[in-house]
Amino acid sequence: MTDRVIVTDVADLTAVLDSIDRVAAVRGWRTRRPSDTARVEADARSAHGALRMPSPVVVVLEIDPDAADPLRPVDATALLAATPVPGAVADRRRGLHGA
């Protein structure tokens with residue numbers, strides 16, 4: 001089972017994903033990071049410098065197979081409501097910004 005998180009602070013993508021991973025690990029979940037995280041982050045910083053708004057990035061929150069309780073349903077809304085992460089919002093199955 002997976003759920004989606006929209007990262008709105010793309011210029012700090014690595015830090016936001018690290019924060020999400022820290023709070024998600026307690027529940028036995030992790031983020032599926034984009035393979036080009038560093039490039040996306042650099043592009044977002046460049047866009048800020050040119051006074052453009054970078055597009056938000058959608059990441060998948062998934063069950064960590066190494067976790068103690070891998071059957072606990074993934075729920076990004078509950079996770080971020082309990083422990084807000086600056087620069088991240090739950091997609092809430094709206095299907096924003098991609099698949």
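Atom CZ of Arg30 is separated from atom CG of Leu17 by 13.5 Å, given to the nearest 0.5 angstrom. Rounded to the nearest 0.5 angstrom, Asp12 CG and Glu41 CD are separated by 6.0 Å. Considering CD1 of Ile20 and OG1 of Thr83, their distance stands at 11.5 Å, rounded to 0.5 Å. Distance CD1/Ile6 to CG/Asp91: 4.5 Å, rounded to 0.5 Å. Here the OG1-CG distance, from Thr8 to Leu13, works out to 10.5 Å after rounding to the nearest 0.5 Å. Separating the CZ atom in Arg4 from the CG atom in Leu61 is a distance of 12.0 Å, to the nearest 0.5 Å.
Look at Arg33 and Asp21 and you find a salt bridge, because one of the NZ, NE, NH1 or NH2 atoms lies within 4.0 Å of a carboxylate O, short of that distance. Electrostatic pairing of Asp43 and Arg39 counts as a salt bridge here, judged by a charged N lying under 4.0 Å from a carboxylate O.
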message: Would Arg27 and Asp75 count as a salt bridge (Lys or Arg N to Asp or Glu O under 4.0 Å) here? Give the steps.
response: CA-CA 10 Å; Arg27 296 177 185 231; Asp75 185 347; over 6 Å; no
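For the residue pair Asp3 and Thr77, the shortest heavy atom distance occurs at OD2-N, 4.2 Å. Closest heavy-atom contact between Val57 and Pro34: CG1-CG, 4.3 Å. A pairwise comparison of heavy atoms in Val10 and Ser55 identifies CG2-O, 3.2 Å as the closest pair. Between Leu80 and Ala90, the shortest heavy-atom contact is CD1-N, 3.5 Å. Across all non-hydrogen atoms, the minimal contact from Thr2 to Glu62 is CG2-CB, 3.9 Å. When all heavy atoms of Pro86 and Val16 are compared, the pair lying nearest together is O-CG2, 3.7 Å.
With Ser19 contributing its side chain and Ala15 its backbone, the two residues share a donor-acceptor pair below 3.5 Å.
Within the 4.5 Å cutoff, side-chain heavy atoms of Val23 are placed close to those of Val85.
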